[in-house]
Amino acid sequence: MIDKLNIVKQRFDEISDLIIQPDIISDQKRYIKINKEYKDLRAIMDERETYITLTNNIAEAEEIIADGSDAEMVEMAKMELDEAKEALPTLEEKIRFMLVPKDPEDAKNCVLEIRAGTGGDEASIFAGDLYRMYNKYCESKGWSVSVMDTSHGTSGGFKEIILEVNGEDVYGTMKFEAGVHRVQRVPQTETQGRVHTSAATVMVLPEAEEFDVELDMTEVRIERTTSTGPGGQSVNTTYSAIKLHHEPTGMIVSCQDQKSSHKNLEKALKVLRSRLYELELAKKQAADSEKRKSMVSSGDRSAKIRTYNYPQGRVTDHRIGLTLYDLQNIINGDIQKIIDELMLVENTEKLKESNDVF
């Protein structure tokens, strides 16, 4: 393992030198990318130091025991040897996971789209519950969430809501939420007390920068309309709402959340770029599917990934067979424990696929 860590140290030393170069500092996009790599490698370097200390302690302790001239020193060395040997496997496992190559998309911000599925009004209410769950979760992570577009349900919640989430490693964390979420409960509109099953679809798109997608504006038809739904004085009076029609794909993107037409256009273009980028990403993943079939982040939007059962107070993630009887906390944003388990499974899959011998 030390050989592998030494190769990483060479790269860390290169990055440490690059990050202080004036031409790198003046190129903001390149600087952000290199700074991110620096932080990731710095974390591995810290563990490398601990690993070297532990292996040195083992070697020294074995030397003292082999010498055997000082009984008291031998006793202390045996204790130190036991402690170091006990700590080493855990540290090695941690380092193995850290050495798994990261998906470059993981560091990106994301566009999160929640849509009511089957279940009528109850599906819209559930979509609203998911929005609040994610909003609270993002808040706990220190991420910023801004609403890009909404379509309200007739009895509360949303037929559709599109969010932009900004922060550190947002897509790498939120990508596990993509798929069909199912709820089982007695709807507010149900008079007989019967449990109904409704669904909502969550899409998580890595936010595309302008240099990720070359958007030909001659292929985009811009339609300006008045805003609809709840709002202030500007609703239905100014042509600030934007609808983009992408002619080659037939894709339509709307944005009416901002009061100014310019800001709505900016946000709509961001969503369009992210959707087009995700299409290309999906093609790449399909091409790689023979090499790698991840059970936890396949990107299959039609796959039922999770059930929220209110009568039993349980949440089940079907991809890994995880069931937690903690529905109230989870629906209030405490989803980290589920995401941690999904990340662990994905990293384990990556480790199995890796041909590297540590």
Side-chain angles (χ1 to χ4, degrees), residues 29 33 101-117 127 130 134 145-151 158-167 169-181 199-223 242-257 264-305 319 342 346 349-350:
K29 281 171 185 166
K33 189 179 176 184
K102 284 189 170 65
D103 187 332
E105 307 304 318
D106 287 355
K108 290 179 180 282
N109 296 322
C110 81
V111 173
L112 185 67
E113 303 186 5
I114 306 167
R115 290 187 181 83
L130 289 177
Y134 291 131
V145 179
S146 63
V147 177
M148 303 182 90
D149 195 38
T150 54
S151 173
F158 303 97
K159 289 177 185 171
E160 177 185 77
I161 181 163
I162 301 174
L163 311 166
E164 181 185 12
V165 186
N166 294 297
D169 295 329
V170 173
Y171 179 70
T173 306
M174 294 302 293
K175 66 182 179 184
F176 298 103
E177 295 303 299
V180 176
H181 295 244
T201 301
V202 175
M203 283 174 61
V204 184
L205 318 177
E207 187 178 275
E209 302 290 344
E210 284 185 42
F211 56 85
D212 289 328
V213 176
E214 284 186 29
L215 193 59
D216 185 350
M217 290 307 292
T218 62
E219 298 176 341
V220 180
R221 181 162 58 85
I222 302 171
E223 186 184 336
I242 293 290
K243 187 178 277 190
L244 302 180
H245 301 260
H246 187 244
E247 306 292 358
T249 60
M251 207 176 273
I252 297 172
V253 175
S254 302
C255 188
Q256 61 170 26
D257 191 62
N264 279 328
L265 177 60
E266 198 178 291
K267 286 198 167 191
L269 284 169
K270 196 175 275 190
V271 174
L272 179 58
R273 274 197 197 94
S274 295
R275 286 188 188 172
L276 291 170
Y277 185 58
E278 198 243 0
L279 274 181
E280 290 306 308
L281 210 58
K283 285 178 194 170
K284 183 181 178 295
Q285 286 169 347
D288 293 345
S289 66
E290 288 310 305
K291 282 192 287 179
R292 181 160 195 278
K293 288 182 179 176
S294 173
M295 64 189 282
V296 295
S297 57
S298 63
D300 184 355
R301 298 170 195 166
S302 62
K304 179 185 73 179
I305 64 162
R319 293 164 291 182
L342 291 162
E346 185 177 67
E349 285 176 2
K350 285 180 180 176

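Here the structure is a predicted model, which is why all the values come from computation and not from measurement. Numbers here are sequence positions counted from 1.
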Student: Mind checking what makes salt bridge (Lys or Arg N to Asp or Glu O under 4.0 Å) contact with Glu247, not counting sequence neighbours?
Tutor: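 Glu247 satisfies salt bridge (Lys or Arg N to Asp or Glu O under 4.0 Å) with Arg221 only.
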Student: Quick one: do Glu113 and Arg275 make a salt bridge, cutoff under 4.0 Å?
Tutor: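 Counted as a salt bridge, because a side-chain N and a carboxylate O are separated by less than 4.0 Å.
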Student: Measuring only between side-chain heavy atoms, which start at C-beta, is Ile161 closer than 4.5 Å to Asp149?
Tutor: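 Of all side-chain heavy-atom pairs linking Asp149 with Ile161, none is under 4.5 Å.
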Student: Got a sec, which residues hit side-chain contact (heavy atoms from CB on, under 4.5 Å) with Ala268, two or more places apart in sequence or on another chain?
Tutor: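 Scan of Ala268 (side-chain contact (heavy atoms from CB on, under 4.5 Å), adjacent residues dropped) gives Ile242, Leu244, Val253, Cys255.
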Student: Could you pull out the closest heavy-atom pair between Gly179 and Ile305, with the gap in Å?
Tutor: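 Result for this residue pair: CA-CG2, 4.2 Å.
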Student: Between Cys110 and Val170, which heavy-atom pair has the shortest distance, and what is it?
Tutor: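 So the minimum-distance heavy-atom pair works out to SG-CG1, 3.6 Å.
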Student: Could you give the distance from CD (Glu164) to CG (Leu205), rounded to the nearest 0.5 Å?
Tutor: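 Answer for the CD-CG pair, Glu164 versus Leu205, is 11.5 Å.
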Student: Can you sort out the partners of Tyr134 under ring-ring contact (aromatic ring centres under 6.0 Å, His included), two or more places apart, ordered by chain and number?
Tutor: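 For Tyr134, no residue satisfies ring-ring contact (aromatic ring centres under 6.0 Å, His included) once neighbours in sequence are set aside.
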Student: Mind checking what makes side-chain hydrogen bond (donor to acceptor under 3.5 Å, both in side chains) contact with Asn109, not counting sequence neighbours?
Tutor: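 Partners of Asn109 under the side-chain hydrogen bond (donor to acceptor under 3.5 Å, both in side chains) test: Asn166.
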Student: Return the minimal non-hydrogen interatomic distance between Val147 and Lys267, and the atom names on each side.
Tutor: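 Where Val147 meets Lys267 most closely, the heavy atoms are O-NZ, 3.3 Å.
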Student: List the residues meeting side-chain hydrogen bond (donor to acceptor under 3.5 Å, both in side chains) with Glu105, not counting sequence neighbours, and say none if there are none.
Tutor: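 Tyr277.
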Student: For Ala199 versus Val180, what's the shortest heavy-atom pair and its separation?
Tutor: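 It is CB-CG1, 4.0 Å.
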Student: Can you find a pair of side-chain heavy atoms, one from Leu112 and one from Met203, that are under 4.5 Å apart?
Tutor: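 The answer is no, as the side chains (C-beta and beyond) never meet within the 4.5 Å cut-off.
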Student: Heavy atoms only: give me the nearest Ala208-Ser274 pair and the separation to one decimal.
Tutor: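 Closest approach of Ala208 to Ser274: N-OG, 3.2 Å.
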Student: Look at Arg115 together with Glu160 and state whether they make a salt bridge at an N to O cut-off of under 4.0 Å.
Tutor: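 So Arg115 pairs with Glu160 through a salt bridge.
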Student: Does the pair Lys175/Glu346 count as a salt bridge with the N-to-O cut at 4.0 Å?
Tutor: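 Glu346 and Lys175: salt-bridged.
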Student: Quick one: side-chain hydrogen bond (donor to acceptor under 3.5 Å, both in side chains) partners of Lys159, sequence neighbours excluded?
Tutor: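 In terms of side-chain hydrogen bond (donor to acceptor under 3.5 Å, both in side chains), with neighbours along the sequence ignored, Lys159 is linked to no residue.
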Student: Output all residues satisfying side-chain hydrogen bond (donor to acceptor under 3.5 Å, both in side chains) with Glu223, sequence neighbours left out; order by chain, then residue number.
Tutor: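 Once residues adjacent in sequence are excluded, the partners of Glu223 under the side-chain hydrogen bond (donor to acceptor under 3.5 Å, both in side chains) criterion are His245.
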